[in-house]
Each structure stands twice: as C-alpha cells, then as structure tokens.
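Take a look at the structure below.
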Amino acid sequence: MGKTMFEKIWNEHIVSESEGEPALIYIDLHLIHEVTSPQAFEGLRLQNRSVRRPELTISTVDHNIPTDETRDQEIKDPIARQQVEALRENCRDFGITLYDVDNSSQGIVHVIGPEQGYTQPGMTIVCGDSHTSTHGAFGALAFGIGTSEVEHVLATQTLRQYKPKTMQIDFIGEIPLGVSAKDMILATIGKIGTAGGTGHVIEYTGAPIKSLNMEGRMTICNMSIEAGARAGMISADETTFKWMKGRKFVPKGTEYDKVLEKWGTYKTDEDAIYDSKVQIDCNELEPYVSWGTNPGQVCKISDYVPYPEDFEDQVDKESASRAIDYMGLKSGTKIQDIKIDRAFIGSCTNARLDDLREAAKLVKGKKVSNHVRAQVMPGSTLTKILAEKEGLDSIFIEAGFEWRNSGCSMCLGMNPDILSPEERCASTSNRNFEGRQGKGGRTHLVSPTMAAAAAIEGTFVDVRNWGIE
Amino acid sequence: MEKFYKHEGIVAPLDRANVDTDQIIPKQFLKRIERTGFGEYAFFDWRYLEDGVLNPDFILNKPKYKNATILVSGKNFGSGSSREHAPWALFEMGFKVIIAPSFADIFRNNCMQNGLLTITLDISMVDQIMANSIKENNYLIKVNLEEQSIKDDYGFTSKFNIDPFRKECLIEGFDDIDLSFKLQDKIEKFESNRISRW
C-alpha cells in the first residue's frame with residue numbers, strides 16, 4: 001500500500017520507536033521567539049545541559065516588539081523588555097542565530113522561515129507557537145509545541161510524539177473571483193469545527209489548492225491549528241520550487257538540482273489511504289466573515305448573524321448565544337450592515353507580500369472611512385522593504401492607513417497595539433477569541449481584501465462586487 | 001516533574017465548550033521569564049472586574065469552589081495557542097486534574113509535561129459530574145491513576161483511558177529529556193546518516 005506525504009516524512013525522521021511508546025523523531029528546524037523560550041533555557045541551565053545542535057535553531061523577536069517609531073528604542077514595558085533581553089542573552093550564551101529587531105531578516109517567525117529559505121520540503125519543523133503549521137505549505141511536517149518540548153528539542157534535537165492520524169481535505173471546483181485562500185480555510189473550519197482536526201495531520205489536496213500561490217497555501221496551512229489539527233500540509237510542486245529558488249538558505253547550483261529531485265518525492269502515493277476525508281466544493285464559496293468568538297463561527301458575506309436556535313447541538317447553541325452577546329451583535333443583522341472601528345492587515349496568516357499587494361489593489365485611490373483606524377503591519381522587515389520598493393506603502397498611506405513595522409502586533413496584542421473594549425475590528429489574523437486583540441475587543445476574521453474594503457466602506461462589504469480583476 | 005498517583009479533591013465546574021488558552025491565561029501575562037507566577041492571572045478576564053476585584057458571578061469565584069483541585073469543563077478544552085503558561089497557571093491555581101469530553105492536542109501534551117492529569121470522559125459522564133458539582137457542597141472525586149478509575153461518594157464510578165507511557169511518566173515523575181538522553185546513541189547514529197539542509 002502506498003504512503004501519504006506525512007508518513008514518508010515521519011518515517012524518515014524516526015530516531016527510535018518501540019511498542020506502546022511515542023516515537024522519538026528528529027527535528028530539522030527549530031524556530032524560537034521571546035515568549036515561549038525563556039523557561040526552556042532556564043531549564044537547560046538548571047540541569048547544566050547544552051543545546052545539542054545550535055545551528056538548527058533559528059531565533060527572532062516578534063511577539064513583544066513595538067511596530068511604531070519607538071521600535072528602535074528600549075521597549076517601555078519592563079517585563080516585555082526583560083523577555084526580549086533574555087532571548088538575546090540565551091542566543092548569545094548557547095550560540096543560536098538571532099534575527100533581532102534591527103536586522104532586515106527579522107519578522108514574524110512563520111514569515112521569515114520560508115522567506116529566508118530555511119523552510120524546505122520534507123523537513124520536520126517545530127516552534128513553541130501553534131501557527132508553526134504554516135510551514136506545511138512547503139511539504140514539510142511542521143507543528144507547534146509547548147515550552148517543555150522546546151527544552152527537549154534544544155537538549156536533544158528530537159521530540160517524543162505519537163504518530164498522528166491523517167486527514168485529507170480535498171478541494172474541488174473552481175475558486176470564484178473575489179474568494180481567497182483565507183475564505184477557503186475559514187469555510188473549512190466552519191464546516192469541520194475547531195476540533196474537527198484534533199489528533200490529525202491535514203493534507204490539503206485538489207486543483208484549487210494547486211492553483212494557489214505560496215502565500216495562499218501558507219494562509220491555509222497556518223490556520224490548520226484553528227481546526228484543531230496538529231499540522232497542515234500541501235505537497236511541493238513547481239509553484240513551490242519557483243518561489244523558493246534563490247532564497248538565502250536554499251541550496252544553489254548543482255546542489256539545488258539534487259535537492260529538487262528529493263523534494264519531488266514528498267507526495268502522497270495514489271493508493272495511499274487517509275484516516276479520514278473531507279471535501280470542500282469551491283463553487284459554493286464566498287468571502288467569509290467570522291461573527292463569533294472562535295474561528296469556526298463564520299458565515300458568508302451575503303449572510304446574517306445567526307440565531308442561536310439555528311444550531312442543532314445544545315453546546316453550539318450556548319456557544320453561539322454567548323459569542324453573539326460578547327460580540328455586541330444582534331441575530332438577524334446583515335453582515336454587510338456591521339460597522340467597524342478598526343482594520344488590521346497583518347499576522348503570520350496574512351501579512352506576506354502578496355497579501356499586501358492584493359489589499360493595496362483595492363485601496364488604491366480610495367480613502368479609509370472617517371470612523372475607522374486602519375493599520376498594516378508587514379509580516380517581516382524584508383516584506384516591508386520589498387513592499388516599499390513596489391510603492392505599496394504610499395498606496396496605503398495615501399488612503400489613510402498607518403504603515404507600520406513587522407511583528408505579531410495586534411494579532412494577539414502583546415505589544416502596545418490592542419483594541420479598546422467594544423472596539424470592532426476587521427482583522428486578517430487567525431483568532432477571534434474573547435479578548436484576543438484586547439480585553440473586550442471584537443474581532444472579525446477576514447481576508448486582506450475584505451479587511452481593506454471594510455476599512456474604506458466602514459462596514460463589511462462583498463469584495464466580489466468591488467470589481468477585482 | 002511532580003509525581004501523580006492518586007488524587008482526591010473538590011470539583012469545580014466550568015460549563016463552557018472550547019475554553020481556549022487565551023482565556024486560561026491572557027497574553028498580557030505571558031511576558032514573565034519564569035515558570036511560576038501565573039496562577040493569580042488564570043481566567044483573568046472572567047475572574048476579575050475592571051477594578052481588580054473578584055467577579056462574584058464567575059463560577060470559580062464561588063466560595064464553595066475555593067479549594068477545588070479538579071476542574072470539569074466542556075469539549076475541546078485548551079484550544080488555540082500552544083502557550084504552556086496555561087497549564088502552569090491552572091496548576092498554580094490549585095488544579096491537579098481536568099476532566100472534559102475532549103482536549104486540544106498541544107494543551108494536553110503540555111499538561112502531561114507538568115504533572116497535570118487530563119481525563120477524557122463521555123459527555124454524559126462529564127455532564128453528570130458537572131451537575132453533581134453544582135448541586136452538592138464540597139463535591140469530591142477520587143482519581144486513581146494506577147487503576148485508571150474515578151469515583152465519587154454518590155455512586156458515580158468510571159474507568160478512563162490513558163496511554164501506558166504517559167501513565168508511567170506521571171506516576172514516576174519522569175523527565176522526558178532524561179529518558180531521551182538514554183537514546184543518545186540512536187540520536188548520534190541518526191545524525192551520522194543525516195544530510196545537512198543548509
């Protein structure tokens with residue numbers, strides 16, 4: 001019987017396995033940031049342990065750092081500053097590469113990994129961050145871990161894991177004009193629920209997936225965790241190789257030809273069997289907007305805020321009722337009548353160059369609504385530089401957007417970028433949990449074009465009617 | 001890691017599905033560089049009012065649950081962010097066991113690394129425990145990890161599943177890194193055959 005892409009990569013990385021125990025698997029790339037690593041280094045120091053392969057861990061600062069003009073100064077919040085300084089000290093002491101705030105390779109950890117060419121097909125990649133699933137877009141097995149596991153990887157370059165199950169999410173049909181990768185994944189989570197993928201690694205397949213560029217594929221894999229999955233994967237193809245070629249850490253010359261051959265083998269065999277399968281028909285998709293407080297609570301732009309009694313399951317009824325209350329919405333309200341206060345284009349889900357280009361196309365020559373504060377936080381410093389070369393910054397600035405620096409920023413509001421209580425935000429990020437973007441803040445998850453259009457109209461609009469080419 | 005063998009404690013109900021780790025420990029408290037100091041901030045937005053006073057309406061603030069050490073909650077508990085600060089906060093708040101119909105994968109792994117036992121039971125059983133903990137005062141449950149059983153004094157009894165490896169780690173208080181160091185020769189062998197990526 002054939003093997004899935006996941007099984008091929010898993011098998012290649014088994015260091016040790018015995019009956020009834022989790023396998024010990026080797027980790028090719030370990031990414032760290034300031035928030036989930038300090039206690040891991042503290043653990044190493046307490047036990048007098050070293051980092052086994054410091055060259056396989058890459059570090060950056062992204063969660064805490066300011067995105068405004070105070071970025072180059074010391075961080076004002078003393079506890080956040082201490083955390084960033086702890087990372088600097090840990091990287092220095094243990095010999096780990098750090099892309100610090102003043103480095104052009106700095107950025108959100110899941111943006112810089114692929115951008116610098118660290119992320120490659122067939123790899124095992126982990127990070128103390130649930131959105132590590134992003135890297136699966138390159139045909140890698142990538143997943144988030146906790147701090148104790150970060151310590152384990154630092155000390156042994158391995159991880160103990162039970163073999164997850166596999167799930168195929170097969171997209172069919174054609175992606176309608178104005179529907180983006182973000183809408184595809186929001187629709188998927190809406191369908192299978194926030195625990196639909198628990199215990200599974202998802203492989204996204206089908207012609208619509210293969211028609212997406214790498215930015216779109218990363219958006220999809222990024223939000224696999226919001227469906228509860230361990231990881232999300234898309235097999236590498238010409239689109240992948242073309243995107244990767246010439247990046248800093250991708251092999252060059254004859255070495256490149258050699259790896260390309262190997263990378264091509266990370267594909268699911270035709271006769272392989274997944275543990276479960278879901279099908280999504282793209283013809284039925286529209287732009288999506290989340291109305292609730294988890295990423296499964298979404299609806300189409302043409303829809304209305306649901307009534308709790310619309311849900312069959314008692315638990316879902318209660319969740320919907322609580323969510324609608326928290327979000328300050330009324331059941332039956334047209335999604336396009338919901339007025340927003342803020343727009344945030346950023347995060348590891350949607351702040352790559354192509355995301356910014358798509359949003360800029362819509363924004364060009366228009367003005368942000370006078371009751372909306374709109375911000376763009378590019379995913380990395382390099383993304384920012386490249387966007388500026390194309391003049392995207394002026395398009396956003398002329399329209400009334402704030403053009404900021406890179407970082408996780410308002411996706412989780414660990415730095416000063418947060419919502420005030422009851423502020424309503426069209427956000428390209430990944431989580432609409434209560435208080436995620438600031439206590440009492442109300443987050444609606446949307447695609448970059450939907451956030452841009454909402455910023456201009458002041459309410460949610462259907463970007464399909466906005467004449468996208 | 002603290003050893004876990006048996007535990008008897010008061011049950012507190014948190015009757016919500018999809019309790020995410022952002023609720024368990026909000027982001028503004030993730031800036032500490034220690035593993036401790038998170039307990040007082042657990043469930044911060046639900047637990048405290050604007051002025052920092054305990055919210056009397058939040059169930060875990062009710063006097064009858066003050067000394068609770070077992071938390072029972074809805075499906076998909078611990079979803080979202082991978083922050084291990086969530087189990088640290090729950091542990092420091094006094095919880096030793098969490099019972100739910102299902103857990104998010106990373107949260108569950110993180111609990112196991114910290115001697116915090118997660119028990120998955122059928123939703124009907126979870127509902128029964130939840131109802132008892134609301135109805136009775138000082139509703140106690142006895143958890144026996146060795147026997148993989150839980151019971152109360154009102155006739156409720158159930159077995160639960162746990163994989164043998166994690167069970168042994170919890171009972172013995174094993175450190176995963178120590179265990180993996182024993183496989184050092186295998187790691188070295190793997191590395192000697194591994195092709196460098198960059």
Side-chain angles (χ1 to χ4, degrees), chain A residues 15-16 20-22 24 26 28-29 35-36 38-39 42 47 49 52 63-64 77 79-80 82-83 86 117-118 120 123 128-130 144-149 151-152 155-158 160 162 194-195 198-199 225 228 230 249 251 294 315-316 318-319 322 412-414 431 433-436 439, chain B residues 1 15-18 20-23 26-28 30-35 44-46 50 74-76 79-88 102-107 109-110 112-114 123 163-166 175-181 183-184 186-187 189-191 194-198:
Chain A
V15 172
S16 168
E21 283 187 19
L24 195 67
Y26 201 80
D28 292 317
L29 173 61
V35 178
T36 57
Q39 296 87 351
E42 182 199 28
Q47 301 287 329
R49 288 167 176 160
R52 183 177 179 86
H63 282 62
N64 267 333
D77 175 352
I79 313 171
Q82 186 190 27
Q83 200 168 50
Y118 284 115
Q120 296 174 14
M123 275 187 166
D129 192 292
S130 60
I145 55 176
T147 298
S148 296
E149 291 176 313
E151 188 179 335
H152 192 282
T156 68
Q157 202 55 40
T158 65
R160 270 180 193 278
Y162 282 100
T194 54
T198 302
I225 180 67
R230 278 308 266 141
F249 291 93
N294 75 54
V315 173
D316 292 342
E318 285 164 20
S319 294
R322 190 176 293 119
L412 85 166
M414 275 196 76
R431 290 188 174 133
F433 297 150
E434 285 183 29
R436 169 84 177 176
K439 189 173 178 176
Chain B
M1 187 170 79
D15 189 9
R16 299 180 186 212
N18 304 310
D20 58 74
T21 53
D22 272 80
Q23 302 317 317
K27 74 281 185 148
Q28 64 268 39
L30 304 184
K31 295 171 189 170
R32 298 179 62 79
I33 57 172
E34 299 84 14
R35 279 174 197 257
F44 187 82
D45 288 356
W46 293 341
E50 285 304 319
K75 67 176 182 183
N76 198 26
S79 53
S81 157
S82 62
R83 57 188 73 166
E84 196 164 321
H85 313 67
W88 295 336
S102 61
F103 292 91
D105 290 328
I106 305 177
F107 175 79
N109 281 349
N110 285 340
M112 294 297 188
Q113 300 282 345
N114 290 281
I123 195 153
D163 72 82
F165 175 79
R166 281 296 158 209
D175 175 324
D176 266 22
I177 298 177
D178 279 338
L179 293 177
S180 298
F181 274 156
L183 299 168
Q184 193 118 349
K186 289 194 173 180
I187 300 174
K189 194 172 160 221
F190 184 95
E191 284 181 332
R194 183 179 171 272
I195 301 155
S196 173
R197 298 283 185 154
W198 54 76

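Lettering follows sequence order; numbering is per chain, from 1.
Chain A forms more heavy-atom pairs under 4.5 Å with one residue of B:D15, B:I123, B:D175 than with any other, namely B:D175. Your options are B:W88, B:F44, B:F107, and the one with the most heavy-atom pairs under 4.5 Å with chain A is B:W88. If you tally non-hydrogen atom pairs under 4.5 Å between each of B:H85, B:R32, B:R35, B:E34 and chain A, the highest count goes to B:R35. Among A:G199, A:G228, A:S319, the residue making the largest number of heavy-atom pairs under 4.5 Å with chain B is A:G199. For the set B:G74, B:P164, B:G80, the entry with the most heavy-atom pairs within less than 4.5 Å of chain A is B:G80. Considering only heavy-atom pairs separated by less than 4.5 Å from chain A, the leading option among B:N110, B:D105, B:D163, B:N18 is B:D105.
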Next on the checklist: Under the criterion side-chain contact (heavy atoms from CB on, under 4.5 Å), I'd like the reasoning laid out for A:R52 against B:I187: C-alpha separation, chi angles, the key distance, then a yes or no.
Outcome noted: CA-CA 10 Å; A:R52 183 177 179 86; B:I187 300 174; 3.5 Å; yes
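Proximity to chain A (any heavy atom under 4.5 Å) is restricted, for B:F103, to the backbone atoms N, CA, C and O. Within the 4.5 angstrom heavy-atom criterion, atoms from both the backbone and the side chain of A:E21 approach chain B. Contact annotation for A:I225: only side-chain heavy atoms (C-beta onward) come within less than 4.5 Å of a heavy atom of chain B. For B:Q23, the part lying under 4.5 angstrom from a heavy atom of chain A is the side chain only. Heavy atoms closer than 4.5 Å to chain B are found in both the backbone and the side chain of A:V35. Both the backbone and the side chain of B:L179 come within contact range of chain A, judged by heavy atoms closer than 4.5 Å. Contacts between A:T147 and chain B at a heavy-atom distance below 4.5 Å involve backbone atoms as well as side-chain atoms. For B:F190, the part sitting under 4.5 Å from any heavy atom of chain A is the side chain, from C-beta outward, and nothing else. B:S102 does not touch chain A: none of its heavy atoms, backbone or side chain, sits under 4.5 Å away.
In plain terms, the two heavy atoms of B:F181 and A:A155 that are nearest each other are CE2-O, 3.8 Å.
We find that B:K75 and A:D316 are joined by a salt bridge, their nearest charged nitrogen and carboxylate oxygen being less than 4.0 Å apart.
In this structure, the separation between CG on B:N109 and CD1 on A:I145 is 10.0 Å, given to the nearest 0.5 Å. Atom CD in A:Q39 sits 8.5 Å away from atom CD in B:E84 (nearest 0.5 Å). Of the inter-residue distances, the one linking A:R431 atom CZ with B:S81 atom OG reads 5.5 Å to the nearest 0.5 angstrom. Here the CZ-CZ distance, from A:R322 to B:R16, works out to 4.5 Å after rounding to the nearest 0.5 Å. The CG atom of B:D22 sits 7.0 Å away from atom CG of A:L412, with the distance rounded to the nearest 0.5 Å. For the atom pair B:D178 CG and A:R49 CZ, the distance stands at 5.0 Å (nearest 0.5 Å).
Here A:A80 pairs with A:N64, A:I75, A:D77, B:K31 under the side chain to side chain contact (heavy atoms under 4.5 Å, CB included) rule; sequence neighbours left out. Remark: A:E318 pairs with A:Q314 by the side chain to side chain contact (heavy atoms under 4.5 Å, CB included) rule, at least two apart or across chains.
For the pair A:E42/B:I33, no side-chain contact is recorded, criterion being any heavy-atom separation below 4.5 Å from C-beta on. Looking at heavy atoms from C-beta onward, A:R230 lies in side-chain contact with B:I106 at the 4.5 angstrom threshold. Within the 4.5 Å cutoff, side-chain heavy atoms of B:S180 are placed close to those of A:T156. Contact annotation: the side chain of A:H63 never approaches that of B:L30 to less than 4.5 Å [non-hydrogen atoms, C-beta and beyond]. No side-chain heavy atom of B:L183 sits under 4.5 Å from any side-chain heavy atom of A:V15.
A side-chain donor from one of A:E434 and B:W46 sits under 3.5 Å from a side-chain acceptor of the other. Between the side chains of A:S148 and B:D176, no donor-acceptor pair of N or O atoms lies under 3.5 Å.
Environment of CD in B:E50: sparse, with no more than 12 heavy atoms of neighbouring residues, nucleotides or ligands closer than 6.0 Å.
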